Amino acid sequence: MITQLHPSDALLLVDVQNDFLESGSLAVPDAGAILPLLNKYLVLFSDKSLQIVASRDWHPAGHCSFVENGGQWPSHCVADTAGAAFSQSLSLPASCHIVSKATTADHEAYSGFDGTALTSYLQQQGIKRLFIGGLATDYCVLQTVLDALKNGFAVVLLVDAIRAVDVQRGDGAQAIAKMTENGAQTAKFTDIEPS
Ligand code: VGL
Ligand code: ZN
């Protein structure tokens with residue numbers, strides 16, 4: 001089924017940052033494969049003058065999620081470092097609204113809604129439905145999608161433009177199942193009405 005885009009739709013790209021790409025400190029397997037697709041979604045939404053939002057993991061150097069501080073992950077996405085920058089291969093428009101999350105040392109925040117003004121921003125813009133892609137399926141995409149649904153937004157999960165860490169094999173597939181069980185629709189690029 002073809003999904004039509006409306007002025008109340010926004011594209012939300014989750015954490016497409018160097019540290020989550022192939023040479024990064026927390027590389028997500030096959031993450032680079034989503035970049036050309038994300039750029040196609042960006043063109044589609046830009047051409048229709050629709051809202052584009054990008055979240056970023058934006059940690060202080062002493063963040064609690066890092067192994068050296070007792071957490072689970074290698075140090076990654078430290079604010080203002082090259083690893084925290086959006087991929088150079090991602091064509092974000094100047095109009096893109098950027099949301100920084102997990103910015104305090106003692107709090108983990110996988111969701112772009114956690115501790116940010118994202119809900120009020122989207123409401124102010126009249127956004128009702130979010131098309132969500134990015135990294136990683138089983139962490140920040142999962143929690144962002146669940147919070148979006150809780151906060152009253154419809155969600156279309158862009159299943160061709162997400163990749164999972166898969167600490168345990170199947171984590172990504174399980175995350176997709178959880179998102180759809182909670183009300184997310186899924187779509188791939190060819191399911192969306194062209195410009
Ligand atoms: C993420 C692990 C740690 C993510 C962020 O963006 O999915 N995963 N921090
Ligand atoms: Zn993180």
Side-chain angles (χ1 to χ4, degrees), residues 1-3 5 9-48 50-59 65 72-78 81-93 96 98-99 101-102 110-112 129-146 148 155-180 184-195:
M1 211 189 57
I2 296 293
T3 299
L5 295 175
D9 290 331
L11 180 64
L12 171 54
L13 301 188
V14 176
D15 300 6
V16 188
Q17 295 167 269
N18 290 325
D19 273 339
F20 296 125
L21 290 156
E22 268 72 3
S23 56
S25 64
L26 211 174
V28 176
D30 200 35
I34 70 173
L35 295 172
L37 271 156
L38 292 174
N39 286 332
K40 285 168 63 168
Y41 286 112
L42 284 165
V43 168
L44 200 58
F45 280 71
S46 295
D47 282 356
K48 294 176 187 284
L50 300 175
Q51 276 286 324
I52 295 169
V53 179
S55 70
R56 61 185 182 187
D57 220 24
W58 201 245
H59 298 313
S65 74
Q72 180 186 359
W73 305 112
S75 173
H76 64 278
C77 297
V78 173
T81 62
F86 292 117
S87 169
Q88 293 269 27
S89 307
L90 188 69
S91 305
L92 290 176
C96 178
I98 294 171
V99 174
K101 65 180 170 63
Y110 288 137
S111 163
R129 183 168 63 167
L130 295 169
F131 289 68
I132 300 182
L135 304 167
T137 310
D138 36 359
Y139 293 93
C140 290
V141 171
L142 171 63
Q143 297 306 328
T144 299
V145 166
L146 294 179
V155 172
V156 178
L157 178 66
L158 303 173
V159 284
D160 52 359
I162 55 177
R163 286 296 183 276
V165 182
D166 272 339
V167 170
Q168 309 263 18
R169 206 204 303 180
D171 282 356
Q174 224 173 64
I176 293 173
K178 187 156 187 194
M179 291 184 265
T180 58
Q185 314 269 112
T186 60
K188 51 192 188 314
F189 189 76
T190 49
D191 296 330
I192 298 176
E193 167 209 31
S195 320

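Keep in mind that the numbers below use all heavy atoms, side chains included, and drop hydrogens, waters and symmetry copies. This one's a predicted model, so the numbers in the text were calculated from it and none came from an experiment.
Looking only at side-chain heavy atoms (C-beta outward), Val156 and Asp191 stay at 4.5 Å or farther from each other. The shortest side-chain heavy-atom distance between Phe45 and Pro93 does not fall under the 4.5 Å cut-off. Contact of the Tyr139 side chain with the Val167 side chain is registered, since non-hydrogen atoms from C-beta on lie closer than 4.5 Å. Put simply, the side chain of Phe131 reaches to within 4.5 Å of the side chain of Asp9, judged on heavy atoms. Within the 4.5 Å cutoff, the side chain of Leu13 has no heavy atoms near those of the Phe86 side chain.
For residues 159-180, there are no ring-ring contact (aromatic ring centres under 6.0 Å, His included) pairs, not counting sequence neighbours.
The main-chain N or O of Gly112 is found under 3.5 Å from a side-chain atom of Thr144 such that the two form a donor-acceptor pair. Between the side chain of Asp138 and the main chain of Val165, a donor-acceptor pair closer than 3.5 Å is present. Under a 3.5 Å cut-off, the side chain of Asp166 and the backbone N or O of Asp171 do form a donor-acceptor pair. A donor-acceptor distance shorter than 3.5 angstrom exists from the side chain of Gln17 to the backbone of Asp57, with no hydrogens or angles considered. When atom types are taken as modelled, the side chain of Glu193 and the backbone of Ile2 share no donor-acceptor pair closer than 3.5 angstrom.
Once rounded to the nearest 0.5 Å, the distance linking CD of Gln185 with CE of Met1 reads 7.0 Å. Once rounded to the nearest 0.5 Å, the distance linking CG of Leu26 with CG of Asp15 reads 10.5 Å. Here the straight-line distance linking atom CD1 of Ile52 with atom SG of Cys96 works out to 6.5 Å at 0.5 Å rounding. The CG atom of Asp160 sits 8.0 Å away from the CZ atom of Arg163 when rounded to the nearest 0.5 Å. Note that the OG atom of Ser89 and the CD1 atom of Ile34 stand 11.5 Å from one another [nearest 0.5 Å]. Taking CG from Leu130 and CG from Leu157, the interatomic distance works out to 11.5 Å, rounded to the nearest 0.5 Å.
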**Leu90 and Leu42: CA distance, side-chain angles, deciding distance, side chain to side chain contact (heavy atoms under 4.5 Å, CB included) verdict** = CA-CA 9 Å; Leu90 188 69; Leu42 284 165; 4.0 Å; yes
**Request:** Verify side chain to side chain contact (heavy atoms under 4.5 Å, CB included) between Thr137 and Met179, making sure each step is shown before the conclusion.
**Result:** CA-CA 10 Å; Thr137 310; Met179 291 184 265; 4.0 Å; yes
**Message:** Apply side chain to side chain contact (heavy atoms under 4.5 Å, CB included) to residues Ser75 and His59 and explain how you reach the verdict.
**Reply:** CA-CA 9 Å; Ser75 173; His59 298 313; over 6 Å; no
**Asked** Between Leu11 and Leu44, does a side chain to side chain contact (heavy atoms under 4.5 Å, CB included) hold up when you go through it step by step?
**Response** CA-CA 10 Å; Leu11 180 64; Leu44 200 58; over 6 Å; no
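The two residues Ala164 and Pro29 make their nearest non-hydrogen contact at O-CD, 3.5 Å. Closest approach of Ala148 to Ile132, counting heavy atoms only: CB-CD1, 4.5 Å. Among all heavy-atom pairs drawn from Asn18 and Ser87, the shortest one is OD1-CA, 3.5 Å. Nearest approach of Gly134 to Leu38, heavy atoms of both residues: N-CD2, 4.4 Å. The shortest non-hydrogen separation linking Glu22 to Gly32 is OE1-N, 3.0 Å. In terms of heavy atoms, Lys48 sits closest to Pro194 at NZ-O, 3.5 Å.
Every residue meeting the side chain to side chain contact (heavy atoms under 4.5 Å, CB included) condition with Ser91, not counting sequence neighbours, appears here in chain and number order: Asn39. Every side chain to side chain contact (heavy atoms under 4.5 Å, CB included) that Lys40 has, sequence neighbours left out, goes to Phe189.
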